[in-house]
Amino acid sequence: MPSRHTSSSQHSCTHPTDPPPRRVRVMLPLPLDCAYDYLEDLDPPLTEGEFVRVPFAARERTGCVWSCHPGSGSAVDVKKLKHVIARRDAPPLPADAACFIDWTATYTCAPVGSVLRMAMSVPQALDPQANMTGYVRVEDTVPQGLRMTAARVRVLDAASRDVPLGATELARRAGAGTSVVRGLAKAGALARVACVSPPSFATPDSWRVGPSLSTDQETAAQELRCKVNTGGFSVTLLDGVTGSGKTEVYFEAVAATLKRSKQVLVLVPEITLTGQWLERFTERFGVAPAPWHSDLTQKKRRTVWRAVAEHSAHVVVGARSALFLPFPSLGLVVVDEEHEAAYKQEEGVIYHARDMAVVRGREAACLVVLVSATPSLETTVNVEEGRYDRVYLPDRHGGAIMPQVEAIDMRREGPKAGQWLSPPLRKALARTFARGEQAMLFLNRRGYAPLTLCRGCGHRFSCPNCTAWLVTHHKPARLICHHCGYCLPPPEFCPQCGVGDTLAACGPGVDRIAEETESLFPDRRWAVMSSDMTGGAQAAAEILTQVRDHEIDLLIGTQIIAKGHHLPGLTLVGVVDADLGLAGGDLRAGERTFQLLHQVAGRAGRESQPGKVYLQTYMPEHPVMEALISGNRDAFFEAEAVQRRRFGLPPFERMAAVIISGHSAASVETTARHLRRAAPRENGVDILGPAPAPLTVLHGRTRWRLLLKAPRRVNVPELVKNWLRAVKVPAHVRVHIDIDPHSFL
Ligand code: ADP
Ligand code: ZN
């Protein structure tokens, strides 16, 4: 072979005896819909999924080989094609992952390159890990004249003559600092050697014995194990009341998958709150899983991406973007709390991670388990229509009973003006504390007050960039826009009428509830948890530990306290404003409020003491409140389904939203009206709008919306794509497509 093949980056001189270069098609992680043809003559030849460096638009870029057989369809003349520069030293993107990317792009109407970009989110991972420096002992005896300290003795004892250890690991084993290791190397007692770094994630022990399961749990676990062992694609809803042991049950499916040497992906809605979950996983399998979310350092992301691609990470627990990791051997996908709204990604490529998880599982031909105590209507209907299977856990583990739920009618029993906790709720809190038990107050509103206004002239503080009020926060004191982050120092005078002393905070946020409870129960220890809390995930985890250790009597928080936590001493849950989520007329408002409040209620009485839940509401006869009180979830969902079917709403019909935005309100409106005129006129397809979005201005951009409604038989993504293709959109106007929209703001 000519020598140029030994260096893959050289391809300029072609010998007449060489075979002709091959044509490959390369997808670039850019917002482009098509792959580009290149020539390659690497040795060995490229295969599909390999990552390669290619020249593109006067730059060098890394792309992924999408096809090795572009066929005659490619119009570009061979003479005009550029050469692939080199292959990257990384495992190829698995074929099923590539199919998943294509499918996601088609379904979400996003460019394939934009979806590929999510799979290539860690460019450094495409380089092999640099060799590590390890340390070995030079000889068994201590070198003459070496000053020995206790730490040095421990390090030499821990060091081996033939298995090199990294400085950090050696120091850890010796209980010393890395400076001791380096000092010994300098003194000649340890030698530095280059070595391959050890796998970053230990293999979970699938043979460890889990807790002994109840009969119901065992039946459910057996069904899942059986599906894992049979192999192939299927979807099962793991349905069961809060505290019934769903996690323990799907851990059994995880164990079965690991026994078959396959990888597991567990999606969780709020990755920063998985502390307790991680502890349980570690207890069950002996090691921690690989984490994946946006808060990881780039270095950690690199390690995880590479470990997944090399199958040295066996279980990944992650946020929705973990779906785009390059699993070569995926054997199980679990979506915990599958009904959670957090699974919908609303920016960039707009997708629903639960739905895409099902597609990922189909591409990998494996089992997908959707887990929830309050499954989404989408999933419920999929079960009813036979597309998904269901296993059910009817009882709480260990005989704990479901909490009793009661409404407090705020019209009759409400608090005095300026207070938010009604007398019955105050009494219940006092009783709970007197018994030495703990309580939780839930209000899905961050900060101190959602609105500040001037009593003199009526001026309301709003965001200059968004259609939104500024929210008052006390620590640190300022007014903040929850959409764009715009903030003001706390005002002393009304900017409109110039008068002081007239500004009033209206309505409560969690901090205001804390203020009220502080004055009611000055001796009780309380903590507030919300997604914007200072200290982030770490602080949240610490608070949960303090609650479990009973160092805190009262936990006050937004929806982040609703999820998954098992807090044994908690027996009272008070929902400060149960009606909050029902305002606004979103088609899923009822469903979501039920799910959220049921989840919150499920925190109470999970062990021996029974739990009690109070809902403060102005409409105790509302179907959502009635369902929460009676505990009759299925009746509520049936009624909800009847309504949705009658009005042709999802999941019985399909929807797509088209959102037009830009800095020029006039061009946005004109574009929206053009789109309306070009809308498809197909049988059964309805177009609603255009109309200004409820959140009319966001980040300074005016927004208009159109909504397409179609029967289930219609291929909505294709219809929408063709529709938009026919309209010329000015460069300064953006059009977003949201298939199966969940937000109508
Ligand atoms: P869910 O996910 O359904 O809300 P969990 O899996 O969190 O329920 O279980 C609730 C609590 O009961 C957890 O503390 C869990 O460890 C415990 N638990 C559930 N099943 C068992 C079991 N078979 N043996 C021991 N503890 C169990
Ligand atoms: Zn704003």
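In each ligand, atom 1 is the first atom listed, and ligand 1 is the first ligand listed. Quick caveat: nothing in here was measured; it's all calculated off a predicted structure.
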(message) Checking R445 against S530: is there a side-chain donor and acceptor pair closer than 3.5 Å?
(response) no

(request) Please confirm if an N, O or S atom belonging to H483, backbone or side chain, lies less than 2.8 Å from the Zn ion (ligand 2). (result) no

(request) Give the single entry among R280, E337, Q217, E607 that approaches atom 6 (O) of ligand 1 most closely by any heavy atom. (result) R280

(request) Any atoms of ligand 1 less than 4.0 Å from a non-hydrogen atom of R606? List them with their elements. (result) 4 (O), 7 (O), 10 (C)

(request) Please say whether more than 12 non-hydrogen atoms of neighbouring residues, nucleotides or ligands are located less than 6.0 Å from CZ in R455. (result) no

(request) Considering only NZ, NE, NH1 and NH2 on the basic side and carboxylate oxygens on the acidic side, decide whether E378 and K344 come within less than 4.0 Å. (result) no

(request) Would you check if the side chain of R360 reaches a backbone N or O of V368 as a donor-acceptor pair within less than 3.5 Å? (result) no

(message) I'd like to know: is the Zn ion (ligand 2) within the 2.8 Å range of an N/O/S atom from C481, strictly under that distance?
(response) yes

(request) Report the part of A373 in contact with ligand 1, treating N, CA, C, O as backbone and CB onward as side chain, heavy atoms under 4.0 Å; options are side chain, backbone, both, neither. (result) neither

(request) Under 4.0 Å from a heavy atom of S212: give me the atoms of ligand 1 that qualify, with their elements. (result) 22 (C), 23 (N), 24 (N)

(request) May I ask you to check whether over 12 heavy atoms, not counting those of R734, lie within 6.0 Å of atom CZ? (result) no

(message) If you measure every N or O of K246 against every N or O of ligand 1, does any of those distances drop under 3.5 Å?
(response) yes

(message) Going by the closest heavy atom to atom 24 (N) of ligand 1, which one wins out of G243, P568, P211?
(response) P211

(request) Report the part of H397 in contact with ligand 1, treating N, CA, C, O as backbone and CB onward as side chain, heavy atoms under 4.0 Å; options are side chain, backbone, both, neither. (result) side chain

(message) Out of all atoms in ligand 1, which are within 4.0 Å of some heavy atom of E248? Include the element for each.
(response) 6 (O), 15 (C), 16 (O), 19 (C), 20 (N), 21 (C)

(message) With respect to the Zn ion (ligand 2), please indicate if H482 possesses an N, O or S atom at a distance under 2.8 Å.
(response) no

(request) Tell me, please: is R396 in heavy-atom contact with ligand 1, that is, under 4.0 Å? (result) no

(request) Using a 4.0 Å heavy-atom cut-off, say whether T247 meets ligand 1 through its side chain, its backbone, both or neither. (result) both

(request) Please verify whether a non-hydrogen atom of D336 lies at under 4.0 Å from ligand 1. (result) no

(message) Assess whether a salt bridge exists between R354 and E337, defined as any Lys/Arg side-chain N lying under 4.0 Å from an Asp/Glu carboxylate O.
(response) no

(request) Take the Zn ion (ligand 2) as the vertex and measure to SG of C466 and SG of C463; round to 10°. (result) 120°

(message) Would S244 count as a polar contact of ligand 1, with the cut-off being nitrogen or oxygen pairs under 3.5 Å?
(response) yes

(message) Between R284 and E252 (salt bridge meaning N to carboxylate O under 4.0 Å), is one present in this structure?
(response) yes

(message) Taking the basic N atoms (NZ, or NE/NH1/NH2) and the acidic carboxylate oxygens, is any pair closer than 4.0 Å for D738 and R705?
(response) no

(message) Closer than 4.0 Å to some heavy atom of V241 - which atoms of ligand 1 meet that?
(response) 3 (O)

(request) Look at the side chain of Q595 and the backbone N and O of T374, then say whether any donor-acceptor pair between them is shorter than 3.5 Å. (result) yes

(request) Report yes if some N/O of G245 lies less than 3.5 Å from some N/O of ligand 1; otherwise report no. (result) yes

(message) With nothing but distance in play, are any N or O atoms of L213 less than 3.5 Å from an N or O of ligand 1?
(response) no

(message) Check this for me, if you would: do E248 and R280 make a salt bridge, where the nitrogen-to-carboxylate-oxygen distance has to be below 4.0 angstrom?
(response) yes

(message) Please find the pair of heavy atoms, one from C454 and one from C457, that lie closest to each other, and give the distance.
(response) SG-N, 3.3 Å

(message) Within the supplied structure, the quantity of interest is the number of heavy atoms (other residues, nucleotides, ligands) at a distance under 6.0 Å from K259 NZ; does it exceed 12?
(response) yes

